[in-house]
Amino acid sequence: MAFSFQTVLRFLLTTLLLGSSNAASFSSPLKDPNGSDPYMVYDDGYYYLTTTTWTDVQITRATTLEGLKTGEIQTVWSDSDPIRCCSVWAPEFHQIDGVWYLYYTAGSSDTLDNQRVHVLQGGASPWDTYSYLGQVTPDWGIDGTVLVVNSQNYLIWSCMANDIQCNCIATLDTPSTIGETHILSEPVEDWETVGAPVNEGAAPLYHDGNIWVAYSASYCWTANYSLALLAYDGSGDPLEAASWTKSDGPVFVSADGNYGTGHNGFFTSPDGTETWNIYHATRIAEGACDGNRYAAALRVDWNEDGTPDLGVAPALGTVLDGPSGEVA
Ligand SMILES: *[C@@H]1O[C@H](CO)[C@@H](O)[C@H](O)[C@H]1NC(C)=O
Ligand SMILES: *[C@@H]1O[C@H](CO)[C@@H](O)[C@H](O)[C@H]1NC(C)=O
């Protein structure tokens with residue numbers, strides 16, 4: 001196998017200019033603009049990134065984080081059914097029994113009151129063709145994600161309970177049907193109620209047999225939109241809020257010119273040894289809920305007691321080592 005002149009030159013430039021022996025360095029943002037509500041998986045040689053576009057579901061793929069900036073883009077879904085055509089938000093890939101499913105939020109053109117979680121069925125690769133499978137939440141719901149505890153699948157989503165935007169949980173009985181709805185967490189602390197009381201954007205996190213759910217707290221049009229954690233007690237019924245302990249405050253907040261750091265996903269490095277946080281933020285100091293948000297990535301570190309350390313969002317353009325096992 002021969003390396004092209006361009007490949008060698010790119011390697012040398014990357015190595016010399018980035019001052020690192022790791023050719024797989026990267027800097028954020030990875031998608032800018034239109035990086036809202038990012039979710040990413042690594043599967044069989046590629047990162048697959050999807051974000052909110054409002055009109056359809058798009059996937060960007062590349063073999064490195066840096067490569068996502070100029071990655072291949074495929075639109076895998078758009079829908080003319082008036083009840084789910086519009087306000088397409090927060091797509092996420094989840095693999096169930098070897099098949100990739102895309103959970104997303106959508107509603108009608110006239111109001112946000114019809115937002116529901118829906119699911120598409122794909123194939124053996126996240127890059128395969130998707131077809132519509134069904135509506136998952138019976139009533140208002142956004143930001144669906146899949147949690148797995150002891151081989152049981154659960155859907156967590158942001159629901160309306162007592163007129164407040166909470167996180168809800170139910171068993172995911174099939175990829176498109178759920179059991180009884182339970183409230184998982186409610187926005188009650190001062191740091192969860194800036195602008196409006198909001199809990200949304202849940203993202204399961206697994207490490208050494210322990211389970212957390214990260215979620216976004218406060219209103220996205222404020223700089224206090226941030227990530228907090230629910231820690232699972234390891235033995236209780238995941239459907240009961242009492243089995244989860246909320247962090248004392250937010251664990252990932254506005255920093256270094258990144259405002260409203262939130263609505264994240266977690267992905268695993270190519271060699272499976274590291275967990276990474278992919279999140280969105282905005283340059284606008286008052287926060288933003290629109291397409292001006294960019295997607296950025298940062299490795300999750302672990303404290304001595306085994307709890308996650310999400311760190312501090314670095315300034316845009318900061319050069320970081322890419323995920324472990326990445327081949328440039
Ligand atoms: C909102 O964010 C500001 C600055 O980031 C912080 O000083 C303030 O304490 C936060 N407000 C709440 C209620 O947490
Ligand atoms: C986001 O993408 C849409 C098309 O999907 C485009 O019209 C828009 O200008 C983009 N940028 C922002 C900031 O929303």
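Note that ligands are numbered from 1 as they come in the structure, with each ligand's atoms numbered from 1 the same way.
- For residues 268-328, the set of pairs meeting the disulfide (SG to SG under 2.5 Å) definition, not counting sequence neighbours, comprises C220-C289.
- Protein heavy atoms are found inside the 4.0 Å sphere centred on atom 11 (N) of ligand 1.
- The environment of CG in D163 is sparse: at most 12 heavy-atom neighbours from other residues, nucleotides or ligands sit within 6.0 Å.
- Listed by number with element, the atoms of ligand 1 under 4.0 angstrom from any heavy atom of V194 are 13 (C).
- Counting only heavy atoms, the protein never gets under 4.0 Å from atom 7 (O) of ligand 1.
- At least one N/O-N/O distance between N224 and ligand 1 falls below 3.5 Å.
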Intermediate values then yes/no, side-chain contact (heavy atoms from CB on, under 4.5 Å), Y215 and E200:
CA-CA 6 Å; Y215 67 95; E200 64 182 18; over 6 Å; no

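- There is no side-chain donor-acceptor pair under 3.5 Å between N199 and Q165.
- The protein heavy atom nearest to atom 14 (O) of ligand 1 is W191 CB, 3.6 Å.
- Here is the list of ligand 1 atoms found below 4.0 Å of a heavy atom in D190: 13 (C).
- Distance remark: protein heavy atom not present below 4.0 angstrom from atom 4 (C) of ligand 1.
- The aromatic rings of Y104 and Y132 sit perpendicular, their planes meeting at an angle over 60°, well past the 30° parallel limit.
- Between Y42 and Y47, the ring centre distance stays below 6.0 Å.
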